[in-house]
Structures are given as C-alpha cells and as structure tokens.
Student: 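Questions regarding the structure given below will be posed in turn.
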Amino acid sequence: MRRALAALCAVAAVTGVVATGCGTGTGDPAAARQDRPRPLTWQQELRVEDAEQRLTARCMQRHGFTYAEDRALTLRESMPVRYVQDDVAWAEAYGYGGRIEARQERRRLHHPVAVYRQGLSAAHRAAFDEALDGGDRFQVLSATLPGSGREVRKRLGGCTAEAEKALYGDPGTWFRVSKTATGLNALYAGDLRRDRRLAGAVAAWSRCMKKAGLSYPDPQAARDAVRENTARLGPAGAGRAFAVEKATAVADARCARATSLRSVAAARETSYVDRLPGRYGEALDTCRRLQRQAYDRAVRIVPQRA
C-alpha cells in the first residue's frame, strides 16, 4: 500500500538530484567515495520494497487475512524520474511518467488491500488492523532530523514490524539512520543551489532546450509546465497533453545527455555530502549498510520485477 523507500527518497527539486534511499546514488562508481558503502540502485530498492510486501502478506496469511501485493507496474515503468532524467528511450515511451502516475493514483483510490479490508465485518476489520500494525501493541520509533533538530516518530507493530525486522534487523536503528540520511540535503541545499559548476551545467541545459524550441530555466520548470498544460487540457485533451509531455521529456533527456548534467550534478552533490560532519557520515554509512543487508535478504524472497 505504500512505497516506503520511494517516500524516503522524496527531496527538494534541486537537492537529491540523483538520490536513492540513503544519500546520493550517482550510478557512477567514480562519483562516490570508494571507502563508503555503495547506495542501492532504484531497481534494488524496488526489490527490497517488494520483499517487504511479500513478508507482510505471508504474515497476514498466518493471521487468516489476505494482503494483496502491489506489483502493478513493470520494472521499466517503476523507474523514478529524478531532477535529471537522461534516459531518452524511457522519455519516448513514457514522457515524464504522467500517465503512470495517474494510473497509480487511480489504483490507490481503489487499492485491493483497502477494498478487502472494507469488506470485512467490524470485528474482523479491527483484527486485520491489529495484525497489520499491532493495534495497541506497537513500538514508537523516533529520529532527529538534521539541521532543524525536529523529532519525528513512527508507530510500528504487527506484520509491518515483522517484515521490517526480517529485512533490516533493528527497526529503531533503521528508522533513525534512514531519516538522518534522507534529511542531509537540508544541510547543503543552499550551497548546492548556488554552486557555480551546477548552475553552469543547468544553464547549458537551458540553452540546449532553447535550440529545441523550448524555453525553460531548469528541468523542474519544464516538468511544472507540462503538468500545468495537462491539467489545463483535461481529459478531453489527454492525447494532445501526452504528446507535449513526451516531446518535452525527450528534449529534456537529450539535453541532459548533451550537457553531462547528470554527472555534474552527481559530482557536486557528492562533494557537499563528503564535507558533512563525521556523525552524519556514520549515519549515512550505516543506512547504506542496512539497505545492502535488506537487499541481500530480498533476493532470496522475491524475484526482480519483469
């Protein structure tokens, strides 16, 4: 019902340029410190997520309930669209993923798990909730976000807790380091926005787009314009809207490749991460280590999506 790791990856537009779950994940071995655990790829993160769903479903079955796993998207369709998207073939097929997002939103509104739960009697619905989340028997996890010092909490119990423990070990440690790692961008976001090398690469991208007949200052502006156009045209103009989305996304990806925007952005973000105080580096390393542990366990639980 949820995209746990995807939610961890949600960051501001210019920060977390190519981030995966625990800090920057460039996809380029030369762009990361060699002595630091490698972050998972998005494909590996998705497999961990699928494994968590599979473990939850098995646990719920032992309690006498059905829990539908969500694997509605293919592996290719599941690719996250970062600030820098330079996969031209993907853009030619899916644009920025607008139709995929719309399909997923419709599924969320009528999710099989929610439909199943709603069909239970009141007593069985309460038992379902207790089995899934622990009811009154839950653990409260807490973490302090970098920069703001704000404390965030999470209730964890039932089959959800069982699945998380099976993958990550101690849920408290995982929650703490994952929240720390994914909140690190708050510490360097301003510096990254003002970074001259990144700004130069974005300006080169913008000039490339202008040559293609599209005038946008940065990739986020292009996507915002596409969303506004899709909303303005509405269902009646869905075909025209998608044609504009694909044309813009393809030009975006080609210009990102032509200007090496992805590698520049990755290198600049990594440089700021490497300057963070040691305690944050330790949390980032632990987060990546636990992700890697979860992936190693996930490959024995579920196959990669087709």
Side-chain angles (χ1 to χ4, degrees), residues 6 8-33 39 41-42 79-98 100-101 146-147 181-231 241 244-276 284:
L8 288 175
C9 297
V11 290
V14 179
T15 59
V17 178
V18 286
T20 49
C22 293
T24 53
T26 65
D28 178 5
R33 271 179 32 189
T41 64
W42 66 264
M79 189 189 82
V81 180
R82 310 292 186 194
Y83 177 72
V84 181
Q85 205 300 86
D86 59 0
D87 188 328
V88 177
W90 199 92
E92 288 173 338
Y94 305 111
Y96 286 121
I100 295 173
E101 291 177 6
T182 55
L184 291 179
N185 67 314
L187 301 178
Y188 61 81
D191 290 335
L192 185 58
R193 289 192 196 96
R194 294 186 293 270
D195 186 272
R196 290 183 180 181
R197 276 178 263 184
L198 178 57
V202 171
W205 174 92
S206 183
R207 290 193 296 272
C208 177
M209 290 290 280
K210 188 165 288 188
K211 290 179 183 178
L214 300 165
S215 183
Y216 299 109
D218 55 58
Q220 190 60 49
R223 291 168 206 186
D224 290 344
V226 163
R227 290 191 184 94
E228 290 172 6
N229 183 63
T230 299
V244 170
E245 178 182 340
K246 284 203 296 183
T248 306
V250 168
D252 182 347
R254 286 176 176 162
C255 285
R257 280 182 173 268
T259 59
S260 300
L261 180 56
R262 185 181 190 84
S263 60
V264 172
R268 298 314 300 149
E269 185 169 19
T270 298
S271 73
Y272 287 108
V273 171
D274 286 344
R275 298 176 202 172
L276 295 173
L284 181 59

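Below, each value reflects all heavy atoms present in this structure, side chains not excepted, and no hydrogens, waters or symmetry copies. Source: prediction; values computed, not measured.
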Student: For the side chain of Glu245 and the backbone of Thr230, is there at least one donor-acceptor N/O pair under 3.5 Å apart?
Tutor: no
Student: So, for Lys210 and Ser215, which heavy atoms are closest and what is the spacing to 0.1 Å?
Tutor: CE-OG, 3.8 Å
Student: Which distance, rounded to the nearest 0.5 Å, do you find between the CD of Glu269 and the CG of Asn185?
Tutor: 7.5 Å
Student: May I have the step-by-step check of side chain to side chain contact (heavy atoms under 4.5 Å, CB included) for Arg227 and Tyr96, ending in yes or no?
Tutor: CA-CA 10 Å; Arg227 290 191 184 94; Tyr96 286 121; over 6 Å; no
Student: Measure the CE-CD1 distance between Met79 and Ile100 for me, rounded to the nearest 0.5 Å.
Tutor: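 The CE atom of Met79 sits 8.5 Å away from the CD1 atom of Ile100.
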Student: Applying side chain to side chain contact (heavy atoms under 4.5 Å, CB included) to Val202 and Tyr83, what does each step give before you reach the verdict?
Tutor: CA-CA 11 Å; Val202 171; Tyr83 177 72; 4.0 Å; yes
Student: Calculate, to the nearest 0.5 Å, the distance between atoms CG and CG belonging to Asp224 and Asn229 respectively.
Tutor: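 One finds 12.5 Å between CG of Asp224 and CG of Asn229.
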Student: When rounded to the nearest 0.5 angstrom, what distance separates OH in Tyr188 from CZ in Arg275?
Tutor: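 With rounding to 0.5 Å, OH (Tyr188) is 12.0 Å from CZ (Arg275).
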Student: Enumerate the side chain to side chain donor-acceptor pair (under 3.5 Å) contacts for residues 194-205, please, sequence neighbours excluded, ordered by first and then second residue.
Tutor: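 Checked against side chain to side chain donor-acceptor pair (under 3.5 Å) - neighbours excluded - the pairs reaching residues 194-205 are Asp191-Arg194, Asp195-Arg268, Asp195-Tyr272, Trp205-Asp252.
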Student: So, taking the atom named OG1 in Thr248 and the one named CZ in Arg223, what distance separates them when rounded to the nearest 0.5 Å?
Tutor: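 Thr248 atom OG1 to Arg223 atom CZ measures 11.0 Å (nearest 0.5 Å).
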Student: Please give me the minimum heavy-atom distance between Pro146 and Ala186, naming the atom from each residue.
Tutor: O-CB, 4.4 Å
Student: Restricting to non-hydrogen atoms, name the atom on Ala251 and the atom on Ala212 that form the minimum distance, rounded to 0.1 Å.
Tutor: CB-CB, 4.4 Å
Student: Once rounded to the nearest 0.5 Å, what's the spacing between atom CG of Asp86 and atom CG of Leu261?
Tutor: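 These two atoms lie 8.5 Å from each other.
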Student: Return the minimal non-hydrogen interatomic distance between Ala225 and Tyr216, and the atom names on each side.
Tutor: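 Closest pair (atom of Ala225, atom of Tyr216, distance): CB-CE2, 3.5 Å.
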Student: Give me the atom names and distance for the closest heavy-atom approach of Ser263 to Ser260.
Tutor: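 Where Ser263 meets Ser260 most closely, the heavy atoms are OG-O, 3.0 Å.
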